[in-house]
Every structure is written in C-alpha cells, then in structure tokens.
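First comes the structure, then the notes that go with it.
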Amino acid sequence: MRRNYIKLLKGAAAEPSVCVGLMKTGDPNTELGHSERQTWSRQMDFIMSCVGFAVGLGNVWRFPYLCFKNGGGVFLIPYVLMVFVGGVPVFFLEIALGQFMKQGGVATWNIAPLFKGLGMASMVIVFFCNTYYIMVLVWGLYFLAHSFTSPLPWATCGHEWNTVNCTTNFSRVCFNQSLASCLEHTGLRSSVMEFWERKVLRLSGGLDEVGDISGYMVLCLLATWVIVYFCIWKGVKSAGKVVYFTAVFPYLVLVVLFFHGVSLPGALNGIIYYLKPNWSKLSEAQVWIDAATQIFFSYAIGLGALTALGSYNRFNNNCYQDAFILALINSGTSFFAGFVVFSVLGFMAAEQGVDISNVAESGPGLAFIAYPKAVSLMPLAPLWAVLFFLMLLVLGLDSQFVGVEGFITGIMDMLPPKSFLGSQRREVIVAICCFTCFTIDLSMVTQGGMYVFQLFDYYSASGITLLWQAFWECVVVAWVYGADRFMDNVACMIGYRPLPYMKWCWSYVTPVVCMAVFLFHVVNYKRLVYNAVYVYPWWGEVLGWFLALSSMLCIPLTVLYKLLHCKGTLMERWQHLTTPIWGRHHLEFLPPENEARLLPKAEENKTTLLYESVI
C-alpha cells in the first residue's frame with residue numbers, strides 16, 4: 001500500500017520537488033516505477049564495485065610517498081580534514097545523484113539541464129583515464145610474465161638490453177647518495193633501471209622520436225583489453241560478480257606482503273620514516289595542497305563512474321551510509337599500504353647501505369623500479385615478484401573495467417534509441433569503445449610511448465581538471481538545484497535527512513577548497529619534465545593543454561550553447577533550462593500538475609541532442 005504523502009520542501013511559491021509526495025519512511029520493500037534499468041543483484045555488488053574502482057594504484061604507490069614527503073604522521077591531519085570537507089561530501093553527492101536520477105554520468109545532469117556539460121566533461125575525463133591508465137596494467141603484465149625465472153631478469157646484468165655501465169651493487173660507490181645523483185657522477189646504470197627503460201619501454205630520446213611498436217607490448221595490451229571487455233560486456237550483472245575477486249584479492253596479497261615486509265631487516269626503520277612526525281610541515285601550503293589533490297585522485301571524484309555505479313542501486317538504498325563505509329575503506333587502504341611499501345623500502349635501504357630517503361619513490365618509479373629492486377634482494381625473489389605484480393595487475397584491473405563501465409553507461413544513456421548505435425546490442429557498443437581505446441594506446445607501446453603516457457597523465461586527468469569538475473558539481477547541486485532540495489531528495493531515498501554538514505560542505509566549504517587548490521595549481525604551474533631531464537617541447541605542452549581544456553571547456557560551452565538556443569528573456573531561459581527533467585521512476589512522487597515536465601518534447605531537443613552527440 002502506498003503511504004500518505006508528506007510535504008518536505010520550501011513553500012507553495014517554490015518549484016515543487018519531485019519528492020513532494022515522498023513516503024514518510026524509506027520502505028526498502030516498496031516497488032517503484034523504474035525504467036528498464038539493470039540493478040545490482042545484491043547491494044554488496046555495489047560496495048565491491050566502488051571499492052574496486054576507487055581503491056586503486058594511487059592508494060599503494062602515491063599516498064605512502066606523500067605521507068613520507070609531507071611530515072610523516074603529521075600529514076594525516078590535513079589528509080583526514082580533506083576527507084571530511086572534500087572527499088566524503090563529493091563522493092556521496094555523486095553516488096546519491098546517480099541513485100536518485102537513475103542515469104549515467106551525462107543524463108543524470110537532467111537535474112539541471114543547463115549544466116549537462118558537467119556530464120560530458122566527466123565522460124571526456126574518464127575516456128582519457130580509460131585510455132592511458134591501462135598502460136600501467138600492460139607494464140605490470142609484462143613484468144609478471146618475466147617474474148617466473150630465477151634469477152629475475154632485472155636483478156642481473158649481461159642481458160642483451162644491458163649496457164657496459166650496468167651494475168647491481170651501488171652500496172660502495174653510492175653511499176648516502178640517491179641513485180640519480182650517483183648516475184650523474186659515476187655514469188653507472190642500475191640493472192633494474194636498464195630493464196625498465198631499455199627492455200620494457202625501449203625509451204627513445206623524446207616525444208618527437210616515436211620509434212617502432214613493440215610486438216610483445218601489443219600482445220600484452222590486447223590481452224588486457226580482452227579481459228576488460230569480457231568483465232563488463234554483459235553489464236553490471238557480470239561486472240558485479242568479477243569485482244568480488246578483483247576487489248578482495250589485492251587485500252589478501254597486501255596482508256601477505258605486510259607480514260613478509262615487517263619480518264625483513266631494516267623494516268622498522270622504514271616504518272619510522274613513514275610515520276615520524278615533522279610538525280613544521282603543517283605551516284607549508286604544499287602539504288595541504290597535496291592532501292586535497294590526493295583525496296580527489298584516490299576517491300575517483302569527477303569521473304562520472306561513481307554516478308553510473310549509483311544509478312544501478314535500488315531507489316531506497318542507504319547511499320549515505322555507503323559513502324562513509326567506502327571512504328573508510330579507501331583511506332584505510334592507503335594508510336595500510338604505507339606499512340607494506342616502507343617496510344620493504346627500509347629493507348632495501350639497509351641492503352644497499354643508503355638512506356631511506358634515497359630509495360623512496362612515487363608512481364611508476366615505485367612500482368617498476370624501487371619495488372622490483374627490493375624484491376630481487378629477497379629470498380625466493382620470483383615468488384614475491386609474482387605476488388606483487390599479480391596484486392598490481394588485479395588492483396588496476398577493477399579500476400579499469402569499472403571506469404570503462406561508467407563510460408559505457410554514460411554513452412548508452414545518451415544514444416537516441418532509434419539511432420544506428422542506439423539500436424545496437426550493448427556488447428557491440430562495449431566492443432567499439434574498447435577497440436577505440438586500444439587503437440589510441442598503440443601510440444603508448446612505441447619507443448616514445450612513455451612520453452605520450454605522461455602527457456595524458458599530467459594533463460587529461462590531472463588535479464586541475466578534477467578540481468574544476470568537483471567545484472562545478474557542488475555549485476550546481478547546492479546553488480542551482482538547491483542544497484535543501486537535494487537533501488530532501490536524499491531523504492526520499494533513505495528515509496531521513498543527512499547531517500547538515502553535508503549541505504554546508506556542498507554550499508560553501510568544498511567549493512572554496514576546490515577553487516583554492518585549483519588556483520594554487522594554476523599559479524604554480526610548471527612545465528612537464530620526464531625523469532627530471534627531458535623537458536617537453538612547446539607543441540607537446542600545447543597538446544597537453546588541449547587534453548585538459550577538452551573536458552574543462554565542456555561546461556561553459558554547453559551553458560553558452562543552451563542559453564543562446566533557448567527562446568525568451570534571459571530570466572525565462574534560465575528558469576526553463578534549470579527545470580529538472582524527471583524520469584519515469586519519479587512518477588510515484590510527482591504531483592499531477594508537474595507530469596508535463598516528465599520528458600522534453602522531441603522537436604525542441606533535436607539540435608541539442610545533435611550538439612551533445614558531437615561533444
């Protein structure tokens with residue numbers, strides 16, 4: 001039986017909320033009139049998918065280094081603060097928005113159609129991420145394939161890819177020097193560095209020296225995309241099952257590596273370096289900027305994938321509770337990974353007789369240089385190499401295929417049902433998207449591929465683009481649609497209003513934090529450099545800014561386009577374009593006088609649909 005309606009919103013003069021007919025409690029057994037949209041088989045599928053997507057390589061290879069670099073345990077103060085004023089509010093906002101609108105990253109912004117460019121921007125960002133992020137998995141698969149030999153190929157010199165300057169022992173000539181400075185003074189080359197640059201990357205002299213394509217890397221690339229395709233080709237029903245393995249397995253390996261790491265000589269020194277507080281760091285702006293940037297990276301905010309995952313939830317799912325659980329898992333994983341990484345780096349420093357600060361690395365440098373070197377010094381080296389690279393592969397794989405799933409969801413929701421692509425089976429659309437990304441990735445398996453990869457990594461999904469996206473998401477929901485109004489919509493779904501702090505964050509705190517960090521990045525912009533040696537040419541930087549602006553400009557260009565192509569005065573255009581377009585599942589709560597706003601007229605939106613398709 002349908003319960004009596006209650007009024008939750010502003011007043012008679014205000015725009016009626018879709019939840020004006022909200023049931024008094026969020027009854028989980030209530031059947032709502034949803035569209036023919038897939039839902040998770042069980043709610044744990046959603047939790048695991050979010051864990052798989054948001055918990056990725058950044059938690060393992062970026063957070064521990066930032067913690068060490070920015071004052072050890074002191075870094076946790078700005079980090080936790082940024083979690084609660086930036087990470088959790090936007091994370092919850094994206095999940096709740098998808099669950100309420102039952103649409104992917106683009107169509108969900110029908111809640112304020114004038115700002116549908118937000119959805120397009122997120123699709124552009126996640127497309128770039130899907131394109132270049134998979135290369136980390138390709139390299140990991142290549143290392144994994146070479147981890148079944150003893151000794152490990154990067155542990156010794158004398159191979160065809162090594163030079164006469166190759167060495168495996170830096171303890172004598174590099175005492176208390178970093179490997180980089182040692183190379184500069186002695187001309188020696190680490191065996192693991194030569195394996196990485198001369199065997200895996202076959203690195204050329206610059207972005208303009210493309211070189212040839214590596215056949216082995218193409219096979220690894222193809223294998224990785226085939227795995228991703230078959231993980232998601234049937235939608236959330238198949239992805240929701242695969243993610244149980246891909247989300248849980250890395251934790252099992254992390255636990256094994258932790259117990260092994262802390263048993264190694266020198267591990268305690270590494271952990272002390274990781275956590276030793278340096279209180280003076282709190283006065284440095286860069287520490288707070290690093291904390292905020294890491295939150296937006298690791299929480300996968302602004303990519304539209306969280307919105308897509310939330311759209312497959314039941315309407316009455318408690319997404320508010322889920323947001324806090326997922327935030328705890330995400331940040332907890334980052335903190336725990338620091339013990340795993342620095343226990344091994346402490347051992348590596350003790351073995352080489354150098355300071356830990358000289359072996360600490362971040363990003364690919366940790367995964368493919370520092371950690372492989374440390375593994376080569378351990379007993380049963382192949383076993384630990386296989387475990388590490390298998391964890392790396394699986395950890396990145398679920399982030400990859402959930403990201404692709406988010407992109408596919410956005411595309412499928414945008415395609416007109418009667419169009420050629422819209423009438424195709426889902427499996428065909430997925431295949432087209434995967435093949436497109438695979439084709440672009442061929443540029444990254446050339447000898448100049450690493451320069452292309454870094455270009456994508458530095459610009460297309462950088463802190464600037466994600467902060468810009470998060471800023472506008474908060475502004476649109478809080479000030480265009482209405483923070484109180486959206487809080488009531490959340491109450492529709494979960495049966496109670498979230499804490500007021502969420503509304504304050506969306507309205508004031510989070511936008512200010514996002515814009516402050518955004519401006520800091522812009523003011524302190526530095527030219528892109530690879531390995532502290534190669535400076536990218538001007539045309540490379542132009543290409544990079546094109547990648548960044550291709551997503552950022554979607555928002556203002558779409559606003560301008562819609563305002564110019566709408567009739568009436570400026571105020572009438574604004575009112576019309578900020579009126580939400582409700583879905584069929586909202587009919588239960590929609591007053592009769594508002595049912596005319598359920599769907600837009602086709603003839604009014606033909607040119608808009610063409611514009612969105614082109615974007």
Side-chain angles (χ1 to χ4, degrees), residues 53-63 66 86-87 90-91 94 105-106 117-139 228 289-290 292-308 330 362-364 367 395-408 410 433 436-437 440-441 443-444 449-473 514 517-518 521-522 525-526 528 530 536 540-541 543-555 615:
F53 180 63
V55 178
L57 298 172
N59 300 75
V60 175
W61 73 16
R62 195 164 186 265
F63 174 83
L66 288 178
V90 184
F91 193 88
E94 293 193 359
V106 177
L118 268 167
M120 297 175 200
S122 68
M123 288 297 98
V124 173
I125 296 173
V126 81
F127 174 74
F128 287 146
C129 280
N130 294 339
T131 301
Y132 84 86
Y133 185 84
I134 202 168
M135 286 306 303
V136 180
L137 310 186
V138 173
W139 297 328
V228 170
I289 299 301
D290 283 346
T293 305
Q294 173 62 14
I295 288 299
F296 285 94
F297 269 120
S298 65
Y299 278 56
I301 288 168
L303 302 179
L306 294 174
T307 305
N330 194 316
S362 176
L395 196 62
L397 184 62
D398 51 9
S399 296
Q400 178 70 21
F401 74 68
V402 175
V404 176
E405 171 62 39
F407 180 73
I408 297 296
C433 290
T436 302
C437 291
I440 298 173
D441 286 332
S443 66
M444 300 184 198
M450 185 59 179
Y451 303 109
V452 179
F453 171 85
Q454 194 178 32
L455 204 62
F456 272 80
D457 183 49
Y458 193 78
Y459 289 100
S460 67
S462 64
I464 290 179
T465 56
L466 297 181
L467 290 163
W468 176 260
Q469 183 78 4
F471 170 80
W472 283 108
E473 286 181 5
C514 290
V517 179
F518 173 83
H521 276 292
V522 173
Y525 169 76
K526 296 178 181 178
L528 180 57
Y530 174 75
Y536 277 65
E541 287 199 88
L543 181 58
W545 276 109
F546 171 78
L547 294 175
L549 293 175
S550 61
S551 62
M552 295 171 67
L553 290 179
C554 283
I555 302 169
I615 290 291

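Using the six-membered ring where Trp is involved, F407 and F127 have ring planes that are tilted, between 30° and 60° apart. Note: Y299 and F91 have perpendicular aromatic rings, judged against thresholds of 30 and 60 degrees for the angle between ring planes. Relative orientation of the Y525 and Y459 rings is tilted, given thresholds of 30° and 60° on the angle between their planes.
Distance check, rounded to the nearest 0.5 Å: CG of L528 to CD of Q454 gives 4.5 Å. To the nearest 0.5 angstrom, L455 atom CG is 9.0 Å from M444 atom CE. Once rounded to the nearest 0.5 Å, the distance linking CG of D457 with SG of C129 reads 8.5 Å. To the nearest 0.5 Å, atoms CD1 (I301) and OG (S122) are separated by 13.0 Å. Expressed to the nearest 0.5 Å, how far OH of Y536 lies from CG of L543 amounts to 10.5 Å. Taking CZ of F401 as the start and CG of L137 as the end, the distance is 11.0 Å to the nearest 0.5 Å.
Between F453 and V136, the closest side-chain pair of non-hydrogen atoms falls below 4.5 Å. In this structure, the side chains of F128 and T465 stay at 4.5 Å or more apart for every pair of heavy atoms. Within the 4.5 Å cutoff, no side-chain heavy atoms of F63 are placed close to those of S298.
Across all their heavy atoms, I134 and Q400 have their closest contact at N-OE1, 3.5 Å. When all heavy atoms of I464 and H521 are compared, the closest pair comes out as CG1-CB, 3.7 Å. Taking both residues in full, the closest heavy atoms of A292 and V517 are given as CB-CG2, 3.8 Å, listed atom of the first, atom of the second, then distance. Nearest approach of W139 to M450, heavy atoms of both residues: CH2-SD, 3.5 Å. The two residues L395 and D398 make their nearest non-hydrogen contact at O-OD1, 2.6 Å. Between V126 and L303, the closest heavy-atom pair is CB-O, 3.4 Å.
Under the 3.5 Å distance criterion, the side-chain polar atoms of S443 are matched with a main-chain donor or acceptor of I440. A donor-acceptor pair under 3.5 Å is formed between the side chain of N59 and the backbone N or O of N330.
With sequence neighbours left out, F471 forms a side-chain contact (heavy atoms from CB on, under 4.5 Å) with V475, P511, C514, M515.
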Please report the C-alpha distance between V90 and Q469 in whole Å, then the side-chain angles of each, then the deciding distance to 0.1 Å, and finally whether the side-chain contact (heavy atoms from CB on, under 4.5 Å) criterion is met. CA-CA 10 Å; V90 184; Q469 183 78 4; over 6 Å; no
Applying side-chain contact (heavy atoms from CB on, under 4.5 Å) to V124 and M552, what does each step give before you reach the verdict? CA-CA 9 Å; V124 173; M552 295 171 67; over 6 Å; no
